[in-house]
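Both ligands and their constituent atoms are indexed starting at 1 by order of listing. Keep in mind it's a predicted model, so treat the numbers as computed, not measured.
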Amino acid sequence: MRYLVTYWSQTGNTRKVAEAIFEVLPAEKSLKPFDEVETLDGYDFIFTGFPILQFGPPPAAKIFLSTHAAGKNIAMFVTHAIPGANPQQQVMLGKELGRCRSAFAKSEILGLFHCQGELSEKAANELISTNIPMLMEFAAMRPLTIGHPNPAELEQARVFANAVIKI
Ligand SMILES: Cc1cc2nc3c(=O)[nH]c(=O)nc-3n(C[C@H](O)[C@H](O)[C@H](O)COP(=O)(O)O)c2cc1C
């Protein structure tokens with residue numbers, strides 16, 4: 001089996017999840033950011049990850065998936081700021097994850113792992129400067145995101161990877 005873990009990450013959270021997944025995969029395996037992937041052909045099992053930006057998948061993920069992912073079997077992983085700690089946050093997170101799934105419309109999704117990722121101070125300041133109320137609300141969530149993905153979440157990502165490759 002040839003495994004690929006490919007990801008897009010602005011501030012390193014999704015990369016940490018990618019590395020955790022990569023650790024537990026058996027050889028033969030590769031870990032690459034999207035911009036180092038020329039094709040998904042030749043891999044038997046593909047993990048693809050990105051953060052949620054502005055309520056859905058970032059443009060880089062949409063472009064990558066539409067270029068490479070049609071007809072492929074893919075396990076997804078996603079990081080996000082929303083804690084999902086109350087019903088309102090759960091509904092919002094559910095919608096955002098739904099948009100992420102839609103970006104894989106032409107692929108077979110084998111599984112989805114998601115966890116919180118720290119919203120950096122720089123990113124929070126940028127969100128505040130947009131003056132868009134919903135984005136400013138995300139900035140206010142920063143204290144709830146600090147330290148994520150944490151060791152327990154990275155362990156969950158390893159457990160996910162181990163389980164999904166056995167399906
Ligand atoms: C411009 C911007 C927009 C964001 N929008 C959302 C969002 O709509 N929903 C959410 O849950 N998190 C949002 N986030 C938080 C990121 O998804 C989170 O911090 C993620 O872990 C970043 O991953 P990375 O370090 O791999 O880039 C946003 C972050 C930035 C910088």
Side-chain angles (χ1 to χ4, degrees), residues 4-25 30-37 40 46-69 74-105 109 111-161 164:
L4 173 68
V5 183
T6 183
Y7 63 92
W8 187 83
S9 180
Q10 257 180 331
T11 59
N13 300 324
T14 313
R15 180 172 44 77
K16 284 182 195 164
V17 176
E19 287 168 352
I21 290 171
F22 181 73
E23 271 171 33
V24 298
L25 298 178
S30 306
L31 174 68
K32 294 183 181 183
F34 284 176
D35 59 8
E36 289 178 16
V37 173
L40 295 182
I46 301 157
F47 289 85
T48 299
F50 48 81
I52 293 178
L53 295 189
Q54 304 214 3
F55 320 118
K62 288 189 197 165
I63 292 167
F64 180 83
L65 293 168
S66 63
T67 310
H68 297 294
I74 293 184
M76 322 166 36
F77 55 101
V78 171
T79 66
H80 49 82
I82 300 177
N86 62 45
Q88 193 193 355
Q89 289 174 0
Q90 282 162 14
V91 169
M92 191 186 282
L93 183 56
K95 285 186 185 166
E96 295 188 351
L97 290 172
R99 291 186 197 111
C100 294
R101 280 179 177 276
S102 300
F104 288 84
I109 301 174
L112 164 63
F113 173 81
H114 69 92
C115 68
Q116 268 192 287
E118 180 168 324
L119 185 64
S120 70
E121 193 170 5
K122 183 169 172 278
N125 289 335
E126 281 169 14
L127 293 176
I128 290 167
S129 69
T130 63
N131 270 331
I132 299 170
M134 280 183 80
L135 293 181
M136 292 168 82
E137 274 181 41
F138 279 124
M141 280 182 202
R142 174 171 146 74
L144 301 173
T145 70
I146 292 172
H148 294 277
N150 59 30
E153 288 161 331
L154 294 176
E155 185 54 24
Q156 285 163 12
R158 293 184 193 99
V159 170
F160 164 76
V164 80

### Message
Is it the case that ligand 1 has an N or O less than 3.5 angstrom from some N or O of Q116?
### Response
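Min N/O separation from ligand 1 is not below 3.5 Å for Q116.
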#### Entry: Contact (N/O only, under 3.5 Å) between A81 and ligand 1
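Checking ligand 1 against A81, an N or O pair does fall under 3.5 Å apart.
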### Enclosure of E36 CD (heavy-atom neighbours >12, cutoff 6.0 Å)
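More than 12 heavy atoms, drawn from other residues, nucleotides or ligands, come within 6.0 Å of this atom.
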### Task
Look only at the side chain of R142 and the backbone of L119, and say whether a donor-acceptor pair between them is shorter than 3.5 Å.
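Present.
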### Query
Hey, does the side chain of Q116 reach the backbone of H148 with a donor-acceptor pair shorter than 3.5 angstrom?
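Looks like no, no N/O pair under 3.5 Å.
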With a cut-off of 4.0 Å, which atoms of ligand 1 are near a heavy atom of [X]?
X	result
Q54	3 (C), 4 (C), 5 (N), 6 (C), 7 (C), 8 (O)
A123	31 (C)
F55	7 (C), 8 (O)
Q10	24 (P), 26 (O), 27 (O)
P51	17 (O), 20 (C), 22 (C), 23 (O), 27 (O)
L127	1 (C), 2 (C), 3 (C)
I82	11 (O)
G117	18 (C), 19 (O), 21 (O)

### Task
Fit a plane to each ring of F160 and F113, take the angle between them on a 0 to 90° scale, and name the class: parallel (under 30°), tilted (30 to 60°) or perpendicular (over 60°).
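Tilted, since the angle between the ring planes falls between 30° and 60°.
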### Query
Of all the non-hydrogen atoms in the protein, which one sits nearest to atom 25 (O) of ligand 1, and at what distance?
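The answer is T11 OG1, 2.4 Å.
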### atom 21 (O) of ligand 1 - nearest protein heavy atom and its distance
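In this structure, atom 21 (O) of ligand 1 has T79 OG1, 2.8 Å as its nearest protein heavy atom.
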### Query
Does the side chain of E96 pick up a donor-acceptor pair with the side chain of H80 at under 3.5 Å?
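Result is no, nothing qualifies.
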### Message
If you apply the rule side-chain contact (heavy atoms from CB on, under 4.5 Å), what do you find for I21 with Y7, and how did you get there?
### Response
CA-CA 11 Å; I21 290 171; Y7 63 92; over 6 Å; no
### Query
side chain to side chain contact (heavy atoms under 4.5 Å, CB included) with E118: which of T11, N150, T79, N13?
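With E118 as partner, T11, N150, T79, N13 yield a single side chain to side chain contact (heavy atoms under 4.5 Å, CB included), made by N13.
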Check each heavy atom of [X] against ligand 1 and say whether those closer than 4.0 Å belong to the side chain, the backbone, both or neither.
X	answer
T145	neither
F138	side chain
E118	backbone

### Task
For M76 and H114, run side-chain contact (heavy atoms from CB on, under 4.5 Å): C-alpha distance rounded to whole Å, both residues' side-chain angles, the deciding distance at 0.1 Å, then the answer.
CA-CA 8 Å; M76 322 166 36; H114 69 92; over 6 Å; no
### Message
Minimum distance, heavy atoms only, to atom 13 (C) of ligand 1: which one of L119, I52, L53 is it?
### Response
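Ranked by closest heavy atom to atom 13 (C) of ligand 1, first place is I52.
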### Query
Given K95, H80, E96, which has its nearest heavy atom closest to atom 9 (N) of ligand 1?
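Answer by nearest heavy atom: E96.
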### Query
Do F138 and F55 pass the ring pair (Phe, Tyr, Trp, His ring centres under 6.0 Å) test, and can you show the C-alpha distance, the side-chain angles, and the key distance before you say yes or no?
CA-CA 10 Å; F138 279 124; F55 320 118; 5.6 Å; yes
### Task
Determine, stepwise, if the pair K16 / E19 fulfils salt bridge (Lys or Arg N to Asp or Glu O under 4.0 Å).
CA-CA 5 Å; K16 284 182 195 164; E19 287 168 352; over 6 Å; no
### Query
If you take all heavy atoms of A61 and F34, which pair is closest and at what distance?
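Nearest pair, atom of A61 first, then F34: CA-CE1, 3.6 Å.
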